[in-house]
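A short write-up of the structure that comes next.
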Amino acid sequence: MTALKSDFMQTMTERGFVHQCSDLEGLDARFASGPVTGYIGFDATAKSLHVGSLMQIMALRWMQKTGHRPIALMGGGTTRIGDPSFKDEARKLLTDEQIDDNLAGIRRVFDRYLAFGDGPTGAIMTNNALWLNELRYIDFLRDVGRHFSVNRMLSFDSVKLRLDREQSLSFLEFNYMILQAYDFVELHQRHGCILQMGGSDQWGNIINGVDLGHRMLDAQFYALTTPLLTTASGQKMGKTAAGAVWLNADMLSPYEFWQYWRNTEDADVGRFLKLFTELPLAEIERLAALGGAEINDAKKVLATEVTALAHGRAAAEEAAETARKTFEEGALADALPTTEVPAAELSAGIGVLALFVRAGLVASNGEARRQVKGGGLRVNDAAVTDERATLGPSDLVDGVIKLSLGRKKHVLVRPARGP
RNA sequence: GGAGGGGUGCCCGAGUGGUUAAAGGGGACGGACUGUAAAUCCGUUGGCUUAGCCUACGUUGGUUCGAAUCCAACCCCCUCCA
């Protein structure tokens with residue numbers, strides 16, 4: 001491979017961000033010759049982004065760090081349609097209120113990773129609802145639609161799954177890729193954007209935008225995709241028992257976020273350090289080379305660094321300390337997730353099962369019962385054997401009752417002063 | 001509009017009148033082993049006031065002592081025809 005000239009492309013390549021690129025050398029040359037504006041689109045399908053988007057966020061961050069201008073494009077318009085790429089069935093349509101709500105949450109995530117501003121490398125956040133909602137149908141078809149071949153659109157892998165499974169692909173969804181392509185053109189005209197990045201599942205959509213730039217504006221656009229991230233054992237990233245690993249603290253606490261990274265598989269440590277932290281490569285190599293139980297130190301560094309980016313250094317260190325106390329000393333760390341129970345209720349006695357449900361460790365009494373049978377529940381580190389047991393003030397240790405599910409999940413129950 | 005096929009638990013998928021809360025697999029969770037890892041093995045996997053009761057096989061009715069299984073209407077999806 002030819003040596004890359006630009007810091008950005010060099011970094012992306014050696015840290016493992018690059019999956020496919022429409023023109024690696026051409027893009028590298030553009031990055032080497034001055035500030036480049038590039039964007040990534042984010043759908044507003046949830047109130048926060050999760051680790052599945054973290055690689056894209058880091059890519060934007062690196063752009064800014066290496067002297068370029070990143071654009072985070074909110075899909076306020078396209079989310080009203082729903083991206084069919086590689087989906088086996090249509091997504092439920094969200095209402096406009098839900099979308100606006102989601103956008104507000106996502107915005108807070110980006111504030112932590114990008115510096116927004118007007119300077120040449122100031123990040124921009126915009127929303128494609130700005131132009132998509134105003135489109136006039138016939139004009140749009142004539143200006144943009146004529147550049148698309150249905151034959152070609154049907155040939156994309158991203159829609160193959162749907163067609164092969166004989167699931168309906170509605171005309172609404174089919175338009176998604178056209179609108180995404182058009183976003184690229186708009187961003188070029190508004191901000192001089194010439195690059196779109198995204199996950200590998202976005203390749204088809206992105207390349208459509210590159211083509212459209214050619215045809216409508218005779219402009220040279222570039223596409224760069226990141227690999228689909230799976231763990232070494234082949235699982236999709238970002239799922240835990242509780243659901244997705246969110247980047248917003250109000251949806252997943254920094255402590256739980258830290259725990260997620262702490263439990264990384266051995267084989268993934270090096271890869272994740274490169275993608276999700278900004279530690280120098282030499283340091284990463286050293287950490288990833290640790291063998292046996294020592295690799296746990298590398299995992300702690302990983303967890304703390306990633307958490308520091310998402311929630312701030314202080315929160316990351318607190319999470320690390322909480323974990324240290326809990327797991328290494330077996331001590332009570334009072335920063336563990338906490339559930340409050342009115343003191344009066346506690347005095348009256350609460351059933352163990354109910355309390356575990358209250359704490360959110362299990363979904364129902366039934367599940368709690370099953371866990372008791374399997375030996376998975378503990379109160380103050382003693383296994384629960386009697387599902388009918390009740391807990392009261394006498395179970396408080398240092399003012400709290402510690403509930404555990406398995407060896408890793410702990411919640412503290414605190415009596416709350418009654419009214 | 002016509003003809004045919006189909007809609008089952010988190011997902012895939014069996015089941016065509018009765019021990020069917022529904023085989024099997026995947027995923028997930030717990031246990032053992034470890035290093036808060038992986039692999040492996042074991043268990044669990046609708047809810048509840050759990051020897052019982054309730055809810056569940058697209059929806060709503062019907063037949064029957066008894067239905068996911070039979071009938072009718074409706075909704076949705078697929079294929080072919082117009």
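Chain naming here is simple, since letters A, B, ... match the order of the sequence lines and numbering starts at 1 in each.
The pairing partner recorded for B/rC29 is B/rG43, the criterion being a Watson-Crick or G-U wobble arrangement whose two distances lie under 3.5 angstrom. The base-pairing partner of B/rG4, taking Watson-Crick or G-U wobble contacts with both distances under 3.5 Å, is B/rC78. Using the Watson-Crick or G-U wobble rule with both distances under 3.5 Å, B/rA73 pairs with B/rU59. Remark: B/rC48 base-pairs with B/rG52. Criterion, Watson-Crick or G-U wobble with two distances under 3.5 Å. Applying the Watson-Crick and G-U wobble criteria (two distances, each under 3.5 Å), B/rA37 pairs with nothing in any strand. Using N1 to N3 plus N6-O4 or O6-N4 for Watson-Crick, or N1-O2 and O6-N3 for G-U wobble, each under 3.5 Å, B/rG24 pairs with B/rC12. In this structure, B/rU19 forms no base pair with any nucleotide, since neither Watson-Crick nor G-U wobble geometry is met with both distances under 3.5 Å.
Candidate nucleotides B/rU49, B/rU36, B/rG35 were compared by shortest atom distance to the side chain of A/Gln259, and B/rU36 ranks first. Taking only side-chain atoms of A/Ala293, from C-beta outward, the nucleotide of B/rC48, B/rG30, B/rG35 with the closest atom is B/rG35.
Between A/Arg378 atom CZ and B/rU36 atom C1' there is a gap of 12 Å when expressed in whole angstrom units. To the nearest angstrom, C1' of B/rA28 lies 16 Å from CG of A/Leu361. At whole-Å resolution of the value, CD1 in A/Ile295 and P in B/rA37 are 13 Å apart. Atom pair A/Ile350:CD1 and B/rU49:C1' shows a separation of 17 Å (rounding to whole Å applied). The distance from atom CD of A/Glu387 to atom P of B/rU50 is 8 Å, rounded to the nearest whole Å. Put simply, NZ on A/Lys325 is 18 Å from C1' on B/rU36, counting in whole angstrom units. Nucleotide B/rU36 holds its P atom 14 Å from the CD atom of A/Glu294, rounded to whole Å. Atom CG in A/Asn263 sits about 8 Å away from atom P in B/rA38, given to the nearest Å.
Formation of a donor-acceptor pair under 3.5 Å by the A/Thr225 side chain with backbone atoms of A/Gln20 is found in this model. Checking side-chain atoms of A/Asp28 against main-chain N and O of A/Ser6 turns up a donor-acceptor pair under 3.5 Å.
Between B/rA14 and B/rG24, the distance separating the two C1' atoms is 7 Å to the nearest Å. Using C1' as the reference atom, B/rG6 and B/rU59 are 16 Å apart when rounded to the nearest Å. The same atom, P, is picked in B/rC70 and in B/rG7; the two are 11 Å apart, to the nearest Å. Distance check on atom P: B/rG58 versus B/rU64 gives 23 Å, rounded to whole Å.
Checked by distance alone, A/Asp266 brings a side-chain donor or acceptor within 3.5 Å of a matching partner on the base of B/rG35.
Interatomic distance, CG of A/Leu73 versus CD of A/Gln196, reported as 8.0 Å (0.5 Å rounding).
A/Arg370 comes within 4.0 angstrom of sugar-phosphate atoms only, judged by non-hydrogen atoms across all strands, and of no base. Among the atoms of the strands shown, base atoms are found under 4.0 Å from some heavy atom of A/Lys299. Residue contacts for A/Thr326: at a heavy-atom cut-off of 4.0 Å it reaches no nucleic acid atom on any strand shown. Within the 4.0 angstrom heavy-atom criterion, only backbone atoms of the sugar-phosphate kind lie near A/Asn365; the bases stay farther away.
The aromatic rings of A/Phe257 and A/His311 sit perpendicular, their planes meeting at an angle over 60°, well past the 30° parallel limit. Ring geometry for A/Phe140 against A/Tyr182 counts as perpendicular: the plane angle is over 60°, on a 0 to 90° scale with 30° as the lower cut.
The residue among A/Trp258 and A/Gly366 whose nearest nucleotide of RNA chain B lies closer to the 5′ end is A/Trp258. Of the residues near RNA chain B, A/Asn296 and A/Arg388, the one whose nearest nucleotide (by heavy atom distance) lies more toward the 5' end is A/Asn296.
Listed pair A/Lys409 / B/rC29 fails the phosphate criterion, with no side-chain N or O lying under 4.0 Å from OP1 or OP2. Regarding contacts with the backbone of B/rA37, a side-chain N or O of A/Lys408 is found under 4.0 angstrom from either OP1 or OP2. A/Arg369 has a side-chain polar atom (N or O) that falls below the 4.0 Å cut-off from OP1 or OP2 of B/rU50.
Annotation: A/His410 is in aromatic contact with A/Phe327 [ring centroid separation under 6.0 Å].
Residue A/Glu14 places its CD atom among more than 12 non-hydrogen atoms of other residues, nucleotides or ligands, all under 6.0 Å distant.
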